[in-house]
Amino acid sequence: MKLVLALALLVAAIPPIHAGTDERIAVVPGSYLVRTNPVGEADLGALVSPGWQVVTSNAAGDPRQVAERLSERFGGRTVVPNRLVSLAQTLEPLYPDQWALENTGQDGGLTGADIDAPRAWTYSTGADVVVAIIDSGANLNHPDLEGAFWVNQDEIANNGFDDDGNGHVDDTVGWDFVEQDADPTDTDGHGTGVAAIVAAETEGYGMAGLAPSARLMVLKACNPACPMAALVAAVDYATREGADVINLSLGGYGPFFEPLGDAITRAEAASVLVVAAAGNDGRDNDTTPFFPASFPHSNVVAVSSSNRSDTLSGFTNTGAGAV
């Protein structure tokens with residue numbers, strides 16, 4: 001558990017992309033999430049989680065106003081636009097530059113301002129830990145990630161059948177919830193960077209992952225923006241398939257995060273740790289919540305960014321209660 005928490009702290013510290021101060025919401029045009037009927041069944045559109053389904057509407061106007069009209073039409077059910085969420089941005093330094101793992105004072109940093117990874121590795125390198133990377137996918141052929149991927153043992157590769165009956169055909173290493181297929185190959189580069197920070201192998205090539213023996217469940221939900229429906233489905237998949245940690249290096253401000261909160265509640269019930277970056281707009285998350293980091297769930301670890309001098313990064317969001 002100590003290694004899992006250390007992993008969470010490092011990955012959550014990845015600075016999220018600048019969300020800006022404009023609170024307008026980017027959405028998937030014409031797409032809305034609606035709470036399912038009282039018995040939890042989809043009766044209006046495609047089911048994306050036990051509590052939400054996706055419907056389309058060609059109605060003109062502001063998505064918020066359309067959602068309100070749809071809510072009235074559907075008997076007062078909660079309806080929210082299928083909003084888009086921004087990814088975080090990361091770097092892929094080689095180990096000598098990875099002061100967060102081992103700070104020796106390189107580039108004027110403060111010696112010891114790190115997470116003491118070499119000492120952690122004497123206890124564990126993450127064996128038997130499965131980390132779900134919900135992001136833009138991953139480069140499945142990257143030499144620094146060779147052998148790092150989780151394998152769905154209940155699914156036979158490339159046979160065209162849903163062998164384990166989980167609703168996904170040939171999902172041997174994960175799933176693409178954007179294109180709805182079994183190829184979660186990275187189309188942005190961001191997910192590969194996150195995956196390497198978690199589990200890049202220590203074989204003398206490239207960089208070192210914090211938990212090089214951990215296994216990565218690759219769930220593509222961003223291309224590069226992240227539709228809420230895809231995020232919810234990916235979190236539910238990770239929970240059902242036994243991930244120990246879910247990494248969400250993404251986030252945003254404003255409304256319409258209820259579907260994601262419901263999915264994180266289900267992860268909480270399954271004792272799955274959810275890691276989320278606090279944001280990098282220099283804001284106070286206690287007064288301006290940044291989701292998913294600001295969800296109050298006991299399983300959410302929200303982490304700000306610090307620098308090589310052991311002080312808070314100037315851009316990082318904080319929050320005495322929320323972070």
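What you are looking at is a predicted structure, and each value in this text was computed from that prediction instead of being measured.
- Residue pairs meeting the ring-ring contact (aromatic ring centres under 6.0 Å, His included) criterion with at least one partner in residues 209-240, sequence neighbours excluded, are His168-Tyr237, Phe177-Tyr237.
- One side chain, Asn317 or Asn285, offers a donor N or O that lies under 3.5 Å from an acceptor on the other.
- By the neighbour-count criterion of 12 heavy atoms within 6.0 Å, atom CD of Gln180 is densely surrounded, having more than that number from other residues, nucleotides or ligands.
- Ring geometry, His297 versus Phe295: the interplanar angle exceeds 60°, so the pair is classed perpendicular (tilted spans 30 to 60°).
- Gln106 and Asp97 form no side-chain donor-acceptor contact under 3.5 Å, judged by distance and modelled atom types alone.
- Nearest heavy atoms, Asp286 versus Ala320: OD2-N, 2.9 Å.
- Closest non-hydrogen pair, Ser136 versus Asp186, comes out as OG-OD1, 2.8 Å.
- Residues Ser249 and Asn247 bring a donor and an acceptor atom of their side chains to less than 3.5 Å of each other.
- Residues Ser213 and Thr125 bring a donor and an acceptor atom of their side chains to less than 3.5 Å of each other.
- With rounding to the nearest 0.5 angstrom, the CG atom of Leu250 is 8.0 Å from the CD1 atom of Ile134.
- For residues 41-58, the side-chain hydrogen bond (donor to acceptor under 3.5 Å, both in side chains) pairs, not counting sequence neighbours, are Asp43-Gln53, Asp43-Arg77, Ser49-Arg266, Trp52-Asp262.
- A cation-pi arrangement, defined by a distance under 6.0 Å to the six-membered ring centre and an angle within 45 degrees of its axis, is present between Arg283 and Tyr253.
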